[in-house]
Amino acid sequence: MSDTTPHLTMQQSAPSATGLDSAKLGMWLFLATEVMLFSAMIAGFLDMRGRSPADAHHVLNIPVTAVNTFVLICSSLTVALSVAAIEQGDQKRLRNFLLLTLLFGGTFLSVQIYEYNVLIGSGELTPWNSLFGAGFFAVTGLHGFHVFIGLIWCVLTIIWTSQGKFSAQNFMRVEIFGLYWHFVDVVWIILFVLIYLV
Amino acid sequence: MKRVDPNKEALQPHHYPGSRTYLLVFAGLAILTLIEVGVAYITSDIRVPILIILSALKALLVILFFMHLRYDSRWYAFIFFGPLVLVIPLIWISLIR
Amino acid sequence: MSHPTNHRPAGSNVPVFDNTGKMAAIIIGVTAVVAGSVMGAANPFLSNATSSQGAQIDTLFSLFVGIATAIFIIVQGFLLFSIVRFARAPEDEEDGVPLRGNTKLEVFWTAVPALIVVILSVLSYRVLADIERPHPDQMVVEVTGRQYAWEFYYPDYDLKTAELHIPLGRQVLLKITSADVNHAFWVPQMRIKKDAVGGKITTVNITATAPGVYPIVCAELCGAGHAVMRSQVVVEAEPTFQIWVQAQLGAKQRAAAMPPDPKTLGRQLYNQYGCNACHKLADAAAVGVVGPALDGIGSRAADIVPGQSAEEYIRTAIIRPMDFITPNYPPVMPGDYAQRMSQADLEALVQYLLEQK
Amino acid sequence: MTADTVVGTGLVRHGGRKFSDYLIFNTDHKVIGIQYLVLAFVFFLFGGALAGLIRAQLATPDAQLLTGSSYNVTLTLHGTVMIFLWIIPAFVGAANYVVPLMIGANDMAFPRLNAVSFWLLVPGGLLMLVSFAVGGAESGWTAYPPLSVTTPIGQTLWALALQFIGFSSIFGAINFLVTIFNLRAPGMGLTQMPLLAWAVAATSIIILLGTPVLSGALLMLILQRWLGAQFFTPAGGGNPLLWQNLFWFYSHPAVYIMILPGFGIISEVLPIFARKPIFGYKLIAFSSMAIAVFGFLVWAHHMFTSGMDPFLRVPFMVTSMIIAVPTGVKIFSWLATIWAGKLRFTTSMMFGLAFISMFVIGGLSGIFLASVPIDIHVQDTYFVVAHLHYVLFGGSVMSIFAGLYLWFPKITGRMLDERLGRLHFWLTFMGFNLTFFPQHLAGLQGMPRRVYTYPPELWALNLLSSIGAFLMAIAVLPFLYNALRSLVAGKVAGPNPWRAFGLEWTVSSPPPVHNFPTPPVVEGDPYGYGERPLPGTTGVAAPAPGMAGGE
């Protein structure tokens, strides 16, 4: 990696009364709504977990999901590196790291879908035959849907990058995509523990 | 890292971390995940609190460094962590039988 | 067109709190206190509850009405006074007195309401703790709400009825649950209400203080028949209550002991499945008024639906009630009797109804 | 391009001059504000018609107009439409139009997101109408399972419609918060902002944090109805109280979403027509924020009799009682605002004064409901129906009318006729009290909520209420006629018909497409009555001795 010291970002934002950038402020407000949405789902999940048999989660495959969690963390890294790349105006490295993010994100989602087929196919855990199953599929399904939206957003960002829309002075939209992706990763970090390990 | 005064953020340059910091944070996350999976297999009842602390740590790492919360205005931290205060009664009510 | 300058030195001609203002404040204050205490002593809206829990709720209610009346008079009084006193003269283009705030006043009308609501919370908590305190020799009755009827089971006597009987003056603990959707067990005259939730037992205490018959009303939307889901609680002195229990037990034993001749078996099924809650039938001592009366149904069943024999009409009316709804009766009969009733019970009930000539 | 031309062609434009500009994806906050207001008013008429049907059925104990399921569908949609498709969108429409003007911004922070927010309401509204036509949404606007899981297909459409409306609401809240905090004109600090901006900011915080929880609950309901997941059915191990917790976690703050903008509008109307600054600006602004935060800690007072944990009712009783204090502070501050003023009884002012008078009754009956023992008797009865209508109709709808009569000249450039306005006011005021005051007594005497019939001894109270409802239905006609006639034949309003402070009154009526050709000059808060001359008036006299504007 090229440099180690923190460097200056010369990104220009529209002047605003609070000095904050409107797009980033809007994104953080959106993340607050996502915090509330996943908190409500987690509260529901904990309520259901308490009412279903204690060892209901032993049917879940922890090793594969642990690797899957690692894959999602890698995708978070590549997004961070892509933002670092565009800060210095390196559009090529930005595009490469975004492609890597797409790869890792796609892998994560397909492993999740594969896990779903195994669980529902074998009938061990389905949304309709057990309360734990209902909560599990609701929460992880909602998270998977958010990953899917993130993948679409990643493809769009790649297209905008190849159209040369971003530079060292103007990469707020990459940073906003990064915020969304990292948030989805944070949600998985919490879900991985709450559902699989606890 | 000097904390940026919120009112002058747009006009002043940011001090975002370099790639090296990201790699360090990534390594931290990977190690913590390994520890978590290990801890998951012990059966004593301190397992749950440790797992919660580990996951909170990983979450903080991503939020503070990858999401630049540590380098941006404190408003963003307030907007993100404020709602968690309101979530506590909801989680508490769904935990009591 | 430019506006005439709106600005003239204000404050000179309109004193803020002059004598009329002070006089109005005193009158409003006195009226509020007087009216508040009159209403607080005995409120005209909610009185003579027929349970000890209800009596305490009524007194607390009176206190709330008293304070609410006082605050109501204060706010409406100052509002009406301002409308009359500070109405603008037709040509007066001046601004009013630029009052921005008055810290003392603002602290006052933040602290006083806060104090009032805290006091009301403490008083409410004391009443709540008292009405929900268990009593050593309380009688337990299990209440089950089911779509559009209430069922009562007396574990002390192993007796199931469609009507609640409780002894006067003795605390009864109701253990309430629901067999399907949410309901709410409410006795308005006794100020008693508790939701019936499936998979959960909720409890409420009743200590009746006046003999009589009081309606039981479902207070939680539970489907098409929610408005007609009513039963009644009969409060009687302890001896009368015991006589009633023995009578019920006797009837139950006779029905069980005798060979189940079709008539008594039909009568027993008629009550067991709740038909009595909605359909009047003298022969089965049923008084329900929700659905059409079934006296003499046997003779007229053949000519209700063309092409259906009496037996077919009665059987379809039970297992598929929506096929034919008697004119100007609500379409609220539960449709799950086919699953709830065994084939033998269904046939016995159909035969019993066929004999109602 | 001059400041007053419509930009763009085809389906995406900015600015509204022709009728067709209002039927497309227009990103001008003024066009979107009008789109919201018109859509909301259509649903007000639809919800009002449903209310008329309900009152017609309840006029006599044995009416057969609407019984059983058809009655339940009607009451469900009356509640849902009035809350989610009339009151909230009407406030969002009014705020969308006026707030950017008030804070000196040229548009909302995210104009395209603003248009998306509005156009999300169209599928939401259509799905709601289809669910009514198909029938089946029979479990009230609260949709308690297990009943809401067993109802026919219409309930799923109802839930989907609410998801669309929820997303629209969330995007709107983000837009408002960024606009209010970031796009204020230079010189307008937080204490120079109009109180409506504070109220809309507080409302947006509630929407931002509450609506996602409802969205999660609706997702579970839809999954249970579609996939059979046993979230809420006791038979499958589920917990019906989970829905109630998640639903009320949003829906109690939702009632503050429906009243806070009303508080904001009243805080604008009273100073203008009393010619006096607002009394206690900081305390009113702070109490709006206090209600926004505290509003999330009171939800379980809807569940006192639902079998929730018995001890938990006590903290929720205390918080529910204490939240009455900030509202009380506002009412007393408004009384102080009109005290020693120069009251001008325009229709807007009359609705504002009626708001104070009626909302106090709703607030006081709310204190009764907060006390657990009294709530045991009155929960789910017509006492609650009376309470909610006093705060929703006596409060929110009266403040919407106060706002409409105040800003109609700014939006259309024409004045509304005061005589018709007064007729509309008095018919509404009398009809409203005649309809809902008797319901307090019906509830106390044993009439439960959501019933299509009742015992004969409650006939008199219900007949009175039905007559009042008929009066309220008639009351809307003078307003409709007044609004439509004034659009073409009303007196020309000019920039500042009420001689009011506030940046929105310094631009033409209707304002140019980009609001402020020259950046607005902020001289202090918009309540300088008796302290400084009107901005932009000629012949400036010396300001009052010793008070050079501001505190």
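Computed from a predicted structure; not experimentally measured.
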To the nearest 0.5 Å, tell me how far [X] [atom1] sits from [Y] [atom2].
X	Y	atom1	atom2	answer
A:Ile189	B:Leu29	CD1	CG	5.5 Å
A:Asp185	B:Phe66	CG	CZ	8.0 Å
A:Leu46	B:Trp92	CG	CH2	15.5 Å
A:Asp47	B:Leu90	CG	CG	10.0 Å
A:Leu20	B:Ile79	CG	CD1	7.5 Å
A:Arg51	B:Ser94	CZ	OG	11.0 Å

Kindly indicate whether the side chain of [X], heavy atoms from C-beta on, has any atom under 4.5 Å from the side chain of [Y].
X	Y	value
A:Val193	B:Lys58	no
A:Phe192	B:Val37	yes
B:Tyr76	A:Leu25	yes
B:His68	A:Val83	yes

Given side chain to side chain contact (heavy atoms under 4.5 Å, CB included), test A:Lys24 with B:Trp75 step by step and report yes or no. CA-CA 11 Å; A:Lys24 185 182 276 191; B:Trp75 274 102; over 6 Å; no
Comparing A:Ser39, A:Ala40, A:Ala85 against chain B, the one with the most heavy-atom pairs below 4.5 Å turns out to be A:Ser39
Starting from the C-alpha separation in whole Å, work towards a yes-or-no answer on side chain to side chain contact (heavy atoms under 4.5 Å, CB included) for B:Val62 and A:Phe183. CA-CA 8 Å; B:Val62 173; A:Phe183 174 78; over 6 Å; no
Cut-off 4.5 Å, heavy atoms of chain B, and the answer for A:Thr69 is side chain
Practice prompt. Against chain B, label A:Leu194 side chain, backbone, both or neither, depending on which of its atoms sit under 4.5 Å from a heavy atom there.
Written response: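 When you check distances to chain B, no heavy atom of A:Leu194 falls under 4.5 Å.
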*Return the minimal non-hydrogen interatomic distance between A:Ala80 and B:Tyr22, and the atom names on each side.*
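What the structure gives for the nearest pair is O-CE1, 3.4 Å.
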Okay, B:Phe81 and chain A: the region with an atom under 4.5 Å from a heavy atom over there is neither
- request: Go through B:Ile63 and A:His182 one step at a time and tell me if the side chain to side chain contact (heavy atoms under 4.5 Å, CB included) criterion holds.
  value: CA-CA 7 Å; B:Ile63 294 168; A:His182 292 310; over 6 Å; no
If you tally heavy-atom pairs under 4.5 Å between each of B:Ala59, B:Pro83, B:Ala30, B:Gly82 and chain A, the highest tally belongs to B:Pro83
